[in-house]
Every structure is written in C-alpha cells, then in structure tokens.
Amino acid sequence: MFETAIAGSLPKPAWLAETQKLWPQWKASGDELRQSKLDATLLWIKAQEDAGLDVIGDGEMSRQHFVHGFLEQVEGIDFEHKVEMGIRNDRYKALVPQVISALRLKGRVHATEARFLRAHTKKKIKFTLPGPMTIVDTVADRFYGDRVQMAMAFAALLNEEALALQADGVDIVQFDEPAFNVYMDEVNTWGIAALERAAQGLTCTTAVHICYGYGIQANIDWKKTLGDEWRQYEQILPALAKSSIDQVSLECIHSHVPPHLMALLAGKDVMVGVIDVASDQVETPEEVAETIGRALQYVPRERFIACTNCGLAPMSREVALAKIEALAKGAALARERYGAAR
Ligand SMILES: [Zn+2]
C-alpha cells in the first residue's frame, strides 16, 4: 500500500553534465561519456533504494532531454539544423530538430541503461519514454504535414522500443505526455489513440505522466495565467479512464488542480504527486502524509502510488535527494496512519 515512485528524471551530477538545465551539455564524450552515464545511473539507483522507494528508475541519466534522448535514435530527423520553435502552444521557445523524411528506428534506443538498471536492482523498475503527442510538439515537421499522421508514425517506433524494454525486464513502461495538458481537444480526438498505439501489445504495466511541466520559469509564468483552478485534467481524465493504460501520474501537492478531479480516474492506478518540483523547499514527511490523506478521498488506497509532481532533473542534487527521502518517509507515515481503515 502507498508504493512510492518518482515521475522519472533526476539531476545529473556535475561531472556528467551541466547542472540545473533542461538541455545540459555533456562534460565528456565517447567511451568516457558512456561510462559516466552508467556511473550516474548506479549512483541514483543506490540513492533511490537507500531512500526506500518501491519503484526504481534510471533517473534519465543517459539522455540529454526527455524527448530528444529518444529522437537521437530515429532515422529521418535532422539534428544538424535545429530550428527555433514555440512549443507547448508557444509557452516557450526551444531549438528543435526537424523531421525530414519517413521515420524509422536506427536500432535500440535505451537497451544499455534499461538492462543496466535491471541488473542493479531487484526492485520493480520503471522506464520512461516521451509520449507521441509530446514528441510531435517538440520537433519541427518538414515531411508529414499532418500532426496526427506524424504522431502515429512516432507511436509505432515508441511501441517497438517499449516492447523491447519489456523484454529487457522493465516492469512499468511510462509515456510522458505534458502536452496532454495543453491540447485537451486533440487528446480526445487522437492523443489517447496515439498513446494506446505506443503501448500496443505490452503485457507489463503501462503508465502515462501528465503534468504542468518542470519547475522552470516559463512554466511558473504560464501557471500564473491558468487561474485559481486548473481544470485541464477534467477534459482528459474521463477518456483516459476508458483507455488501455494502467496507471496515470498526476500533479497534486501545491498545484491548483482541484483534487476531486482524480476521482475521474476510477479503475486506474493513480500516481499522486506529493512532492513539489517547482520549489526547493523540501517537504516534511508529515506534509507528504497529509497530502496522501487528502488525496485518499478521491483515490482508493489499493490504487494509490505516492509520486513526485514531475521530474526532478533541473533541481540541485541535494534538494532532489532530500525530496525522495521525504517521499519515502511520508508514505511510510501514511501507511501507519491510513493503513488500517479509510
Ligand atoms: Zn512532468
């Protein structure tokens, strides 16, 4: 009860990459970089286990960015000539690669780090991939001329990699879809269909993470424009509840999402965000347990997974570590407090 997991990313150590950046430059190259990525992965596996988390991830140490890490192994994408594009409905500008021909995987994308993760922990492991809608929103299209067609092409590639990750021993494959909170109409017309295509045939647990983004300034500014109540989830959760995806990861603590919206996910496991990623203030176990208590009004205990609101990548290492410790301690407190009865 009250299993604990992180959304996905963790801060890269200063010897691996630039710190506190969303698109950090690597500090090494070639074999040295390959080794550094695995060293950092091992460090975070140990830290997550020491904290007492139940589901362990690779912290995304091997990818520069949660979307572009996947795209680097896709044929048909021009990384040499990146263009500036407004992403997430023009919330912020990013330098993005261009799709210039039909898409195909060059080979396995995450085999090395997924097998490494499997080899170094006996706990359940989760592996994250970007969702098709979020990928489409983070590349410039010079080939397909149609968002849905391009999303389905990416979904087929994601599915190939997801099936291979399952074969590597991954227990949970999670697709990250922050774009779901931006294009709610499209989520219902094709976003969920593309997500289900990406998860097609998986017999391991499947998950989707939908958030209001990392705690970066552009997102903090955007959130100020969303009003007192953030009701985006209201438009997408009913359709997700009917989808084939097993688990949904949502923001809760310090967010303006009315918590009762989580009840729209009846029948799904819910990864409830009980750790804020937009603040360096470390939650106390008491605060985490209280947040769990409040969310229990809307999410049944047996479907409750305590999680972070989003990835911890842009934070300092010290703060991220303290936050995952608070997550595990808070969930332990909640088990004592709410374990026996509702
Ligand atoms: Zn997120």
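All values derive from a computational prediction rather than experimental measurement. Reckoned from all heavy atoms, side chains included, excluding hydrogens, waters and symmetry mates. Position 1 is the first residue of the sequence, and the numbers go up from there. Order of listing sets the numbers, starting from 1, for every ligand and every atom in it.
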| task | Check the side chains of Asp31 and Gln35 for a donor-acceptor pair under 3.5 angstrom, ignoring hydrogens and angles. | result | no
| Aromatic ring proximity, centroids under 6.0 angstrom, Tyr92 and Trp222 | no
| query | Just checking, is any N or O donor in the side chain of Gln174 or Thr128 under 3.5 Å from an acceptor N or O on the other one? | reply | no
| remark: Report for the Zn ion (ligand 1), protein N, O or S closer than 2.8 Å, by chain and number, lists His209 NE2, Cys211 SG, Cys310 SG
| message | For Lys21, is the NZ atom crowded, meaning more than 12 foreign heavy atoms sit under 6.0 Å from it? | response | no
| note | Value for NE2 (His209) from OG1 (Thr134), rounded to nearest 0.5 Å, stands at 9.5 Å
| said: Assess whether a salt bridge exists between Glu286 and Arg337, defined as any Lys/Arg side-chain N lying under 4.0 Å from an Asp/Glu carboxylate O. | reply: yes
